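The chain is numbered in sequence order, starting from 1. Keep in mind that this is a model prediction, so the values were computed, not measured.
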Amino acid sequence: MVKISIITVVFNGENFLEDTIKSVLAQTYPHIEYIIIDGKSKDNTVGIIKKYVDHINYWVSEPDKGLYDAMNKGLHAATGDFVWFVNAGDTIAKSGILSTIIGLVQEDTDVLFGEVMIVDENRKPLGTRSQLTTQKLPESLNWQSLRYGMVVSHQGFLPRRTLAPDYILGNLTADIDWVIECLKRSRRNTNTHQTLAEFQTGGISTQRKRQSLRDRFTVLRKHFGLLPTLAAHAYILWRMLFK
């Protein structure tokens with residue numbers, strides 16, 4: 001039995017949390033632990049959580065230090081073999097997806113990964129992340145794959161809980177660092193060849209682009225060194241301008 005901890009982080013998400021919850025509860029795979037971490041929302045988020053409380057294994061509503069602090073709280077509460085962040089506004093692509101991909105797990109499988117679909121505010125599909133951005137999901141994934149940035153979304157990335165570190169705080173691109181750290185520790189990374197989740201455009205890093213770029217440079221320099229990171233960012237700039 002492979003147990004999956006699905007973690008949803010939310011703050012003032014009354015307009016989109018329910019879609020996320022419904023997509024989790026629709027899963028046909030039975031061995032799911034569902035965790036919701038709310039940052040002390042001021043709207044009806046808690047009311048929505050309580051509506052589904054019988055189907056939620058753990059939830060809390062309390063102040064936090066931001067998105068990645070809340071995601072760390074989810075990691076600390078999780079007990080599953082794999083963890084999957086499906087945050088408020090994200091939805092799992094289809095009800096049978098977990099049943100499909102768990103069948104790919106082997107004894108040394110430490111990461112499952114796949115594609116994500118970008119949707120608009122009405123949840124109309126716009127295309128996969130690989131189709132719509134310069135970040136293409138590779139056939140084979142390892143930590144070196146992230147030399148030029150985030151080629152896999154956290155919505156499409158399920159690592160073993162025991163190898164997943166805490167997210168670093170105070171960095172808008174902490175998800176890149178987290179994925180690299182997971183991949184550095186993993187044995188087998190399995191491409192599911194599935195679209196695992198849907199997410200809406202926007203987000204913290206999109207809204208605060210300059211800080212996001214500085215933070216990404218800090219993360220990539222940490223893992224790849226100064227000169228390779230300078231070269232990588234020269235390529236990233238060329239790609240933005242000409243591709």
Side-chain angles (χ1 to χ4, degrees), residues 9 64-72 75 83-85 87 89-90 110-118 126-160 163-193 195-197 199-243:
V9 167
D64 55 50
K65 299 175 184 177
L67 172 65
Y68 295 119
D69 182 40
M71 292 171 80
N72 285 340
L75 279 174
V83 293
W84 189 10
F85 283 100
N87 290 337
D90 303 333
D110 283 334
V111 169
L112 295 164
F113 68 97
E115 191 59 83
V116 296
M117 178 67 67
I118 298 176
L126 301 176
T128 66
R129 188 168 181 266
S130 291
Q131 292 170 333
L132 297 181
T133 75
T134 56
Q135 300 286 16
K136 312 302 182 187
L137 185 71
E139 176 65 25
S140 298
L141 182 70
N142 59 61
W143 72 274
Q144 296 275 358
S145 304
L146 281 81
R147 181 178 297 276
Y148 301 107
M150 193 70 160
V151 296
V152 59
S153 296
H154 73 255
Q155 299 95 334
F157 188 81
L158 289 75
R160 280 197 186 271
L163 60 80
D166 279 5
Y167 286 86
I168 57 174
L169 302 182
N171 188 301
L172 295 182
T173 60
D175 52 346
I176 300 177
D177 179 78
W178 188 76
V179 168
I180 290 175
E181 291 287 0
C182 288
L183 291 172
K184 280 184 173 181
R185 304 172 188 189
S186 66
R187 295 165 296 173
R188 179 191 295 267
N189 309 316
T190 298
N191 190 339
T192 65
H193 296 103
T195 298
L196 301 180
F199 77 100
Q200 291 178 301
T201 55
I204 294 175
S205 59
T206 302
Q207 296 162 12
R208 295 158 64 180
K209 191 67 175 177
R210 286 187 179 180
Q211 183 181 345
S212 177
L213 291 172
R214 290 194 299 268
D215 288 350
R216 181 178 65 185
F217 186 89
T218 298
V219 166
L220 296 184
R221 179 180 179 179
K222 166 187 169 183
H223 292 286
F224 298 103
L226 177 59
L227 292 180
T229 301
L230 287 171
H233 275 72
Y235 171 75
I236 291 169
L237 179 60
W238 173 85
R239 186 176 61 188
M240 289 174 58
L241 294 174
F242 298 106
K243 295 192 73 173

Around atom NZ of Lys222, are there more than 12 heavy atoms of other residues, nucleotides or ligands at under 6.0 Å? yes

First locate atom NE2 of His223, then atom CG of Leu183, and finally report the distance between them rounded to the nearest 0.5 Å. 10.0 Å

Assess the residue pair Glu139 and His193 against the criterion (side-chain contact (heavy atoms from CB on, under 4.5 Å)); give the C-alpha distance rounded to whole Å, side-chain angles, the decisive distance to 0.1 Å, and a yes or no. CA-CA 9 Å; Glu139 176 65 25; His193 296 103; 2.7 Å; yes

Within a strict 4.5 Å, meaning less than it, do heavy atoms of the Met150 and Arg129 side chains meet? yes

Please tell me if the side chains of Phe224 and Gln144 come closer than 4.5 Å, counting only heavy atoms from C-beta onward. yes

Heavy atoms only: give me the nearest Ser186-Val111 pair and the separation to one decimal. CB-CG2, 4.0 Å

Side chain proximity check, Asn171 to Tyr68, heavy atoms < 4.5 angstrom: no

Qualifying residue, where the test is side chain to side chain contact (heavy atoms under 4.5 Å, CB included) with Val151 and the options are Leu137, Val179, Leu141, Ile176: Leu141

Report the relative orientation of the aromatic rings in Trp178 and Phe85; use parallel for angles under 30°, tilted for 30 to 60°, perpendicular for over 60°. perpendicular

Kindly say whether Tyr167 contributes a backbone atom to a donor-acceptor pair with the side chain of Asn72 at under 3.5 angstrom? yes

Polar side-chain atom of Asp215 near backbone of Leu172 as donor-acceptor pair, under 3.5 Å: yes

How many angstroms lie between atom CE of Met71 and atom CG of Asp64, to the nearest 0.5 angstrom? 11.5 Å

So which heavy atom on Lys65 is nearest to which on Asp69, and how close? N-OD2, 2.8 Å

Roughly how far apart are Asp110 CG and Arg187 CZ, rounded to 0.5 Å? 4.0 Å

Pair Leu146-Val219, side-chain contact (heavy atoms from CB on, under 4.5 Å): steps then yes or no: CA-CA 11 Å; Leu146 281 81; Val219 166; over 6 Å; no

Side-chain contact test, heavy atoms from C-beta onward, threshold under 4.5 Å: evaluate it for Arg185 versus Pro159 and give yes or no. no

Heavy-atom donor-acceptor pair, Trp84 side chain to Gln155 backbone, under 3.5 Å: yes

What I'd like to find out is whether the side chain of Leu227 reaches to under 4.5 Å of the side chain of Leu230, using heavy atoms alone. yes

Got a sec: does the CZ of Arg221 have more than 12 other heavy atoms crowding it under 6.0 Å? no

How long is the span from the CG atom in Asn142 to the NZ atom in Lys184, to the nearest 0.5 Å? 11.5 Å

Determine whether Thr192 and Leu158 make a side-chain contact, defined as any pair of heavy atoms from C-beta on separated by less than 4.5 Å. no

May I ask you to decide if Leu220's main-chain N or O and Thr229's side chain share a donor-acceptor pair within less than 3.5 Å? yes

Taking all non-hydrogen atoms of both residues into account, name the closest pair between Gly156 and Val116 and its distance. N-CG1, 3.7 Å

Between atom CG of Leu163 and atom CD of Glu181, what is the distance when rounded to the nearest 0.5 Å? 10.5 Å

Apply the test side-chain contact (heavy atoms from CB on, under 4.5 Å) to residues Leu196 and Leu112: give CA-CA distance (whole Å), side-chain angles for both, the deciding distance (0.1 Å), then the verdict. CA-CA 10 Å; Leu196 301 180; Leu112 295 164; 6.0 Å; no

Indicate the atoms forming the closest heavy-atom contact of Arg147 with Pro228, along with that distance. NH1-CB, 3.7 Å

Are the side chain of Thr128 and the backbone of Gln131 linked by a donor-acceptor contact shorter than 3.5 Å? yes

Using 0.5 Å steps for rounding, measure from the CE atom of Met117 to the OG atom of Ser153. 12.0 Å

Is there a side-chain contact between Asp175 and Phe157 (heavy atoms, below 4.5 Å)? no

Is any side-chain heavy atom of Asn191 less than 4.5 Å from a side-chain heavy atom of Phe113? yes

